[in-house]
K.L.:
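Attaching a single structure in structure tokens format; questions to follow.
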Amino acid sequence: MPYDSNNIFAKILRGEIPCDKVYENSYVLAFKDIMPKAPVHVLVIPKSSYISFDDFSTHATNEEIGEFFRAVGEIARDLKVEQDGYRLIANHHHFAGQEVDHFHVHILGGKPLGPMLIS
Ligand code: AMP
């Protein structure tokens with residue numbers, strides 16, 4: 001499946017639709033999730049075009065991967081969730097319920113998050 005440059009996060013990256021930005025550097029953009037599942041719910045996306053974690057972990061450079069995850073930690077500290085704790089989620093493909101086909105990590109926190117999986 002090729003990367004679809006019309007996905008919503010690609011449009012956000014191109015500035016075609018707005019986002020509630022919390023962080024940006026040359027590698028990543030982070031913004032608040034439009035339907036938050038917790039008091040803190042931020043999405044971190046690479047600026048390069050990767051469909052999901054599988055694509056990112058296969059094709060991104062070591063520099064991109066390092067910069068991405070370094071930024072995720074920095075953003076979590078900026079959000080002040082590192083003391084109480086937070087959860088990272090990256091949904092890959094159908095079984096995980098991935099809705100937007102541009103790789104992203106959810107940062108969730110701000111309250112006790114309960115069990116990891118709800119079935
Ligand atoms: P996933 O299921 O992992 O693909 O998550 C996609 C997330 O993107 C969902 O939590 C949506 O609420 C969120 N989302 C969709 N459109 C937007 C948008 N325009 N701005 C911010 N978050 C969005």
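Numbering of ligands and ligand atoms starts at 1, following listing order. Just so we're clear, the structure is a prediction, and the values are computed from it rather than from any experiment.
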K.L.:
Checking the N or O distance criterion of under 3.5 Å, is ligand 1 in contact with Gly97?
P.N.:
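Right, the criterion is met.
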
K.L.:
Considering heavy atoms of the protein only, find what lies nearest to atom 23 (C) of ligand 1 and give residue, atom and distance to 0.1 Å.
P.N.:
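Among all protein heavy atoms, the one nearest atom 23 (C) of ligand 1 is Ile34 CG2, 3.5 Å.
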
K.L.:
Is it true that Val72 and Phe56 fall in one hydrophobic cluster, defined by side-chain heavy atoms closer than 4.5 Å?
P.N.:
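They do share one cluster, since a chain of ILVMFWY contacts under 4.5 Å joins Val72 to Phe56.
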
K.L.:
Between Phe68 and Tyr50 (judged by ring centroids, cut-off 6.0 Å), do the two rings come close enough to count as a pair?
P.N.:
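Ring-ring flag for Phe68/Tyr50: false, centres at least 6.0 Å apart.
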
K.L.:
Would you mind running through ligand 1 and noting each atom that sits below 4.0 Å from a heavy atom of Met35?
P.N.:
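Answer for ligand 1: 12 (O).
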
K.L.:
N/O to N/O below 3.5 Å, does that happen between Asp33 and ligand 1?
P.N.:
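Yes; the residue has a nitrogen or oxygen that sits under 3.5 Å from a nitrogen or oxygen of the ligand.
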
K.L.:
Do Lys80 and Val40 come within less than 4.5 Å of each other through their side chains, counting heavy atoms only?
P.N.:
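Side-chain contact under 4.5 Å: no.
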
K.L.:
Check ligand 1 against Leu43 and write out every atom of the ligand that is under 4.0 Å from a heavy-atom position of the residue.
P.N.:
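Per the distance check, 8 (O), 13 (C), 22 (N).
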
K.L.:
Which pair of non-hydrogen atoms, one from Met35 and one from His41, has the smallest distance, and what is that distance?
P.N.:
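Where Met35 meets His41 most closely, the heavy atoms are O-ND1, 4.1 Å.
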
K.L.:
Any N or O on His106 sitting closer than 3.5 Å to an N or O of ligand 1?
P.N.:
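Yes; at least one N/O pair falls below 3.5 Å.
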
K.L.:
Return a yes/no value for Ile8: is any of its N or O atoms, backbone included, closer than 3.5 angstrom to an N or O of ligand 1?
P.N.:
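No - when backbone and side-chain N and O of Ile8 are compared with those of ligand 1, no distance drops under 3.5 Å.
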
K.L.:
Any non-hydrogen side-chain atom of Ile75 less than 4.5 Å from a side-chain atom of Val44?
P.N.:
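Sidechains of Val44 and Ile75: in contact.
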
K.L.:
Got a sec, which pairs hit side chain to side chain donor-acceptor pair (under 3.5 Å) with one end in residues 2-26, sequence neighbours left out?
P.N.:
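Applying side chain to side chain donor-acceptor pair (under 3.5 Å) to every pair that reaches into residues 2-26, excluding sequence neighbours, yields Tyr3-Asn7, Tyr3-His102, Arg14-Glu16, Lys21-Glu24, Tyr23-Asn25, Tyr23-Glu74, Glu24-Lys47.
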
K.L.:
Which residue holds the protein heavy atom closest to atom 8 (O) of ligand 1, what is that atom called, and what is the gap in Å?
P.N.:
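Heavy-atom neighbour on the protein nearest atom 8 (O) of ligand 1: Phe9 CZ, 3.4 Å.
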
K.L.:
Is any side-chain heavy atom of His106 less than 4.5 Å from a side-chain heavy atom of Val42?
P.N.:
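Side-chain contact under 4.5 Å: no.
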
K.L.:
Gln98 to ligand 1: N or O pair under 3.5 Å?
P.N.:
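No, since none of the N or O atoms of Gln98 sits under 3.5 Å from an N or O of ligand 1.
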
K.L.:
Name the option, out of His104, Glu99, Lys11, that contains the heavy atom nearest to atom 5 (O) of ligand 1.
P.N.:
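It is His104 that holds the nearest heavy atom.
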
K.L.:
Over all heavy atoms of both residues, which pair between Lys37 and Leu108 is shortest? Give the atoms and the distance, please.
P.N.:
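For Lys37 and Leu108, the tightest heavy-atom pair comes out as CB-CD2, 4.2 Å.
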
K.L.:
Find all atoms of ligand 1 within a distance of less than 4.0 Å from any non-hydrogen atom belonging to Lys32, and give their numbers and elements.
P.N.:
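So the answer, numbered in order with elements, is 21 (C).
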
K.L.:
Suppose I only count heavy atoms of Asn91 and a 4.0 Å limit; which atoms of ligand 1 are within that range?
P.N.:
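That gives atoms 1 (P), 2 (O), 3 (O) of ligand 1.
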
K.L.:
Run the numbers for me: atoms of ligand 1, each under 4.0 Å from some heavy atom of Phe31, listed by number.
P.N.:
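Once the distances to Phe31 are compared, the set is 21 (C).
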
